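To start, the structure itself, in structure tokens.
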Amino acid sequence: MAIKQSISFTLRVLADLSLLLFCVLLAPVCSATPATAPAVLLQVKSGLTDPGGVLSGWSLEADVCSWHGITCLPGEVSPGIVTGLNLSGHGLSGVIPPAMSGLVSIESIDLSSNSLTGPIPPELGALENLRTLLLFSNSLTGTIPPELGLLKNLKVLRIGDNGLHGEIPPHLGNCSELETLGLAYCHLNGTIPAELGNLKLLQKLALDNNALTGGIPEQIAGCVSLRFLSVSDNMLQGNIPSFVGSFSDLQSLNLANNQFSGGIPAEIGNLSSLTYLNLLGNSLTGSIPAELNRLGQLQVLDLSVNNISGKVSISAAQLKNLKYLVLSGNLLDGAIPEDLCAGDSSSLLENLFLAGNNLEGGIQALLSCTALQSIDVSNNSFTGVIPPGIDRLPGLINLALHNNSFTGALPSQIGSLGNLEVLSLFHNGLTGGIPPEIGRLQKLKLLFLYENQMSGTIPDELTNCTSLEEVDFFGNHFHGPIPERIGNLRNLTVLQLRQNDLSGPIPASLGECRSLQALALADNRLTGSLPETFGQLAELSVITLYNNSLAGPLPESLFQLKNLTVINFSHNQFTDSIVPLLGSTSLAVLALTDNSFSGVIPAVVARSRNMVRLQLGGNRLTGAIPAELGNLTRLSMLDLSLNKLSSDIPAELSNCVQLAHLKLDGNSLTGTVSAWLGSLRSLGELDLSWNALTGGIPPELGNCSDLLKLSLSDNHLTGSIPPEIGRLTSLNVLNLNKNSLTGAIPPALHQCDKLYELRLSENSLEGPIPPELGQLSELQVILDLSRNRLSGEIPASLGGLVKLERLNLSSNRLDGQIPSSLLQLTSLHRLNLSGNHLSGAVPAGLSGFPAASFVGNELCAAPLQPCGPRSPATARRLSGTEVVMIVAGIALVSAVVCVALLYTMLRVWSNWRAVSVSNSDGEESAHGGGGGKWVDGKYRKVGSSVSWSSEQKHNSGSETTSVLHGKSTEAAGAGKS
């Protein structure tokens with residue numbers, strides 16, 4: 001019998017399913033009935049994924065009214081009539097089937113808080129009995145179907161928190177029974193439909209977090225029953241309409257984060273039932289209306305982040321129920337009103353936020369607000385001291401006074417605020433020490449005293465604040481040791497003591513702060529070695545110890561710190577290997593410059609593939625640069641300078657395409673400057689100076705368009721300067737000093753128009769100085785072309801370098817006069833033109849430079865010798881033809897003189913022979929005659945004086961010829977005379 005009943009029931013359901021299918025195919029010829037509900041629900045089930053199995057009981061063998069989530073009409077008159085479907089929060093996915101429109105008797109559908117997708121079926125508009133439709137918090141897409149406007153009995157429509165887009169259909173204004181309309185947290189655009197003003201019974205309208213534009217239409221004033229209005233986080237603009245003051249039942253008004261402008265309507269003061277008013281994040285102007293003090297039920301008032309000006313005119317003494325007053329981020333000025341809170345402790349104000357205004361004076365008036373739990377008056381211009389009566393606020397939890405001008409000492413009464421969790425006093429002018437009473441603040445979590453002028457020692461009592469999570473004393477004058485019992489702060493996650501005057505060793509107990517994530521002890525005078533207990537700081541991510549006097553090898557236990565991302569130990573005296581710092585594979589910054597680390601650079605440093613900065617400069621590292629560094633493809637800075645590294649620069653570094661700084665200077669690297677460097681398009685600094693590199697400068701460097709500094713000085717580079725360097729239009733510094741470069745200076749360098757330092761000295765460059773260099777108008781630090789083989793005149797265009805401070809053209813082969821245009825270099829304070837072939841007078845405007853700036857030339861005038869009438873300064877420079885004619889004349893005169901001398905000597909010799917023959921006995925020779933005489937015991941032949949004079953004359957002529965080659969004609973004439 002039971003089997004027959006079961007078969008009969010099954011056949012009946014199958015018949016109903018067939019009827020439903022027929023109705024779906026032939027609608028509107030036939031319509032669904034309440035009896036078809038089980039079949040419809042099974043079809044709904046078939047389209048859903050049910051991870052929790054909540055629909056497993058939906059079976060033909062069970063009464064539909066017993067199915068999970070199903071509500072039926074009570075009583076036995078109409079059994080099996082489904083009136084409610086609630087499957088909220090079961091993680092269901094899939095689409096809402098249009099067949100749901102077959103639930104003709106349904107009054108409530110709740111599919112909220114699932115993962116449903118697809119559109120809202122327009123067929124739901126046929127459910128004429130529907131009173132509640134809840135589809136919020138899913139992933140539904142598409143537009144809101146206008147057919148929902150057919151639901152005349154609908155009271156609650158909440159379909160927000162989905163991916164719906166498009167405009168709000170005005171048809172919703174036909175749902176005359178609607179009391180709640182929730183369309184928040186979607187992607188709706190367009191304007192608010194004026195038709196919504198037809199909803200006379202509407203109590204709650206939530207349109208926040210969309211992209212709605214326009215203003216609030218005046219027809220909304222027809223929603224006379226509104227209690228909750230939220231249109232925050234849209235793009236609404238215009239004035240806040242004054243009719244909002246007519247919603248007598250309104251309890252919550254949220255217009256935050258829009259583009260409303262103008263003043264705050266005084267009519268808002270008529271909303272006697274209002275408990276929540278939020279206007280933050282608009283462009284409201286004017287003052288705070290005094291009428292707001294009539295809102296006796298108001299609990300929350302937020303007018304922050306606007307352009308409201310004037311005084312703080314809100315009185316918590318009148319707003320007896322006000323708990324939150326938020327006026328931050330405006331243009332309010334003046335002092336905190338003395339009557340802000342009633343003196344009889346009746347004020348309920350718990351949270352006061354006045355940050356980011358122009359308020360001044362002291363904060364003594366706040367001591368009357370005895371219920372205060374949070375005070376934030378940061379970023380104002382408050383002055384005076386922190387009042388000792390601060391202990392009159394025993395319930396204070398958060399006290400933020402930072403970024404003001406408070407002075408004086410931190411009062412000891414601060415220790416009486418037993419509930420205090422946040423004390424933020426940074427960036428003031430506080431002096432004195434930390435009172436020991438602070439140790440009584442057992443609930444204190446955040447203590448920010450940085451950027452003050454506080455001094456003294458860090459009291460040991462601070463270590464009693466065992467709830468502390470963050471301590472920041474940066475930029476004060478604290479001295480003495482770090483408290484030995486600092487390890488008592490077991491909850492500490494951040495300890496920032498940088499830039500003080502702390503001394504002594506780092507306490508070993510710090511290793512007990514196992515929750516520590518950031519430790520900054522840099523810029524102090526700490527000494528000693530790192531404690532072995534540091535290896536216990538397993539959560540440590542950031543550690544900065546730079547600019548101290550810490551020394552010794554690193555403890556091996558540091559290798560256990562696997563979460564380190566930033567290490568900066570620069571400017572200390574650490575020694576030995578860096579391996580203990582390489583236990584983490586998550587390092588982003590490893591900065592160890594200016595220590596005494598030694599050994600090779602371990603290849604394991606390349607395990608941290610997210611490394612951004614690797615700075616090992618100024619140590620004693622040896623060996624080759626590991627090729628594995630090429631695996632650090634995110635590296636932006638690689639500094640291995642000032643070590644003892646050798647071998648070639650590994651080509652694998654070409655993989656580090658994000659490199660912005662490559663500093664390998666001050667090593668013993670060999671090989672060439674490789675062309676692959678030109679592929680590092682992000683390179684801003686390339687310094688390979690002070691190595692033993694050979695070969696030429698690759699023209700591919702001209703591809704590094706972001707390069708700001710290029711230094712290849714003090715190497716053995718040869719060849720010419722490639723003109724492609726001129727493509728580096730962002731270049732600030734070009735230093736090619738002390739190489740063996742040849743050829744001309746490429747005129748294309750003038751395209752590097754942002755250069756402020758150009759050094760090409762101590763090479764073998766030749767040819768003229770390109771006049772185009774005078775276009776480098778930003779050149780400031782130096783132009784150094786000294787110790788080359790440059791020739792020609794100094795270009796007058798160099799006078800255009802008006803910012804230049806140092807000019808060195810010494811030890812070249814420059815000639816001509818010093819151009820007067822150099823007088824335009826008004827910023828010049830160092831000049832060296834020595835060791836050239838310059839001539840003429842030194843321009844008077846350059847006389848203030850020392851004589852050493854001009855020696856080794858043919859110059860005169862101050863600071864050298866004066867220019868005389870026949871001085872080089874006044875001499876006319878001889879042409880080449882004139883020089884040839886003068887030399888030829890001197891040669892002709894010399895030849896004539898030589899012939900005359902030869903003739904004279906022959907005549908003398910002939911006479912002497914005649915005398916000798918006639919006086920062969922020799923007596924006459926000894927006593928007289930014209931042949932010779934004894935002088936100083938030696939015999940001189942007659943005519944010897946003539947011979948000596950002729951020799952003198954010949955030598956004088958030779959000297960004159962020499963002068964003609966190196967001096968001017970007047971000097972030559974003087975020599976002849």
Side-chain angles (χ1 to χ4, degrees), residues 625 638 640-641 645 647-651 653-654 656-657 659-770 772-773 776 779 782-790 812:
I625 299 174
L638 177 59
L640 306 179
S641 61
L645 302 174
S647 191
D648 294 359
I649 301 173
L653 291 183
S654 62
C656 304
V657 294
L659 265 178
H661 303 272
L662 179 57
K663 293 172 55 64
L664 305 179
D665 52 294
N667 283 286
S668 300
L669 300 174
T670 55
T672 61
V673 180
S674 300
W676 57 259
L677 288 167
S679 66
L680 304 179
R681 300 302 176 87
S682 299
L683 207 58
E685 179 182 17
L686 176 60
D687 195 341
L688 306 180
S689 58
W690 292 96
N691 280 289
L693 300 173
T694 57
I697 300 173
E700 289 81 0
L701 288 181
N703 297 328
C704 301
S705 57
D706 291 336
L707 204 60
L708 300 176
K709 177 181 178 181
L710 175 59
S711 182
L712 305 177
S713 66
D714 295 274
N715 280 287
H716 308 304
L717 301 178
T718 56
S720 60
I721 301 173
E724 289 80 0
I725 297 297
R727 300 208 302 258
L728 303 177
T729 55
S730 298
L731 201 62
N732 296 153
V733 176
L734 177 60
N735 188 349
L736 305 179
N737 282 357
K738 296 184 180 180
N739 280 287
S740 299
L741 300 173
T742 57
I745 299 174
L749 287 185
H750 85 276
Q751 299 172 29
C752 305
D753 55 5
K754 293 183 175 62
L755 270 177
Y756 63 78
E757 182 175 341
L758 177 57
R759 300 175 186 264
L760 305 178
S761 69
E762 298 189 54
N763 283 286
S764 298
L765 300 173
E766 53 193 11
I769 298 173
E772 292 84 354
L773 294 188
L776 299 175
L779 208 57
I782 192 171
L783 172 59
D784 190 354
L785 307 180
S786 64
R787 297 181 181 272
N788 280 287
R789 300 174 184 174
L790 301 174
N812 279 289

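All values reported here derive from a predicted model rather than from experimental measurement. Numbers here are sequence positions counted from 1.
Here the CD1 atom belonging to I625 is positioned 6.5 Å from the CG atom belonging to L653, to the nearest 0.5 angstrom. In this structure, L688 CG and L710 CG are separated by 8.0 Å, a value rounded to the nearest 0.5 Å. Rounding to the nearest 0.5 Å places NE2 of H661 at 12.0 Å from CG of D687. Of the inter-residue distances, the one linking C656 atom SG with L638 atom CG reads 7.0 Å to the nearest 0.5 angstrom. Here the straight-line distance linking atom CG of N763 with atom CG of L717 works out to 8.5 Å at 0.5 Å rounding. Within the model, atoms OG of S689 and CZ of R759 stand 11.0 Å from one another, a figure rounded to the nearest 0.5 Å.
Annotation for L680 and V657: closest pair CD2-CA, 4.1 Å, computed over non-hydrogen atoms. Residues L664 and N691 share a closest heavy-atom pair of O-ND2, 3.1 Å. For the residue pair P698 and A675, the shortest heavy atom distance occurs at CB-CA, 3.9 Å. Of all the heavy atoms in C752 and G726, the pair that sits closest is SG-CA, 3.8 Å. Pairing each heavy atom of A692 with each of H716, the nearest pair is CA-CD2, 3.8 Å.
Looking at T694 and N715, their side chains never come closer than 4.5 Å, going by heavy atoms from C-beta outward. Within the 4.5 Å cutoff, the side chain of L693 has no heavy atoms near those of the T672 side chain. In this structure the side chain of Y756 never reaches within 4.5 angstrom of the side chain of I782, judged on heavy atoms. At least one side-chain heavy atom of L645 sits less than 4.5 Å from a side-chain heavy atom of L640. Residues L731 and L708 form no side-chain contact, since every pair of their non-hydrogen atoms from C-beta on lies 4.5 Å or further apart. Taking 4.5 Å as the limit, some side-chain heavy atom of L734 sits within range of a side-chain heavy atom of I725.
Annotation: side chain to side chain donor-acceptor pair (under 3.5 Å) contacts of E700 (sequence neighbours excluded): none. Taking the side chain to side chain contact (heavy atoms under 4.5 Å, CB included) definition, one finds that R681 meets it with N703, sequence neighbours left out. In this structure, D784 has no salt bridge (Lys or Arg N to Asp or Glu O under 4.0 Å) partners at least two apart in sequence or on a different chain. Every residue two or more places apart in sequence or in another chain that forms a side chain to side chain contact (heavy atoms under 4.5 Å, CB included) with A748 is listed here: P723, Q751. Evaluation of the side chain to side chain donor-acceptor pair (under 3.5 Å) rule for D648 yields T670 as partners, not counting sequence neighbours. Partners of S654 according to the side chain to side chain donor-acceptor pair (under 3.5 Å) rule, which considers only residues two or more places apart in sequence or in another chain, do not exist here. Residues satisfying the salt bridge (Lys or Arg N to Asp or Glu O under 4.0 Å) test with R787, not counting sequence neighbours, are none. With sequence neighbours left out, the side chain to side chain contact (heavy atoms under 4.5 Å, CB included) criterion links L785 to I745, L760, I769, L773, L783, L790, L809. The side chain to side chain donor-acceptor pair (under 3.5 Å) search around H750 returns none, not counting sequence neighbours. With sequence neighbours left out, the side chain to side chain contact (heavy atoms under 4.5 Å, CB included) criterion links S682 to no other residue.
Across L728, L749, L776, a single residue satisfies side-chain contact (heavy atoms from CB on, under 4.5 Å) together with L755, and that is L776.
Applying the side chain to side chain donor-acceptor pair (under 3.5 Å) test to pairs two or more places apart or on separate chains, those with a residue in residues 729-748 are N737-S761. Residue pairs that meet the salt bridge (charged side-chain N to carboxylate O under 4.0 Å, His left out) test with at least one member in residues 740-753, sequence neighbours left out, do not exist here.
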Run the numbers on I649 and L669 for side chain to side chain contact (heavy atoms under 4.5 Å, CB included), then give the verdict. CA-CA 7 Å; I649 301 173; L669 300 174; 4.1 Å; yes
Quick one: do L701 and L686 satisfy side chain to side chain contact (heavy atoms under 4.5 Å, CB included)? Show the steps, please. CA-CA 10 Å; L701 288 181; L686 176 60; 3.9 Å; yes
Walk me through whether V673 and I697 qualify under side chain to side chain contact (heavy atoms under 4.5 Å, CB included). CA-CA 6 Å; V673 180; I697 300 173; 5.9 Å; no
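The main-chain N or O of W690 is never found under 3.5 Å from a side-chain atom of D665 such that the two would form a donor-acceptor pair.
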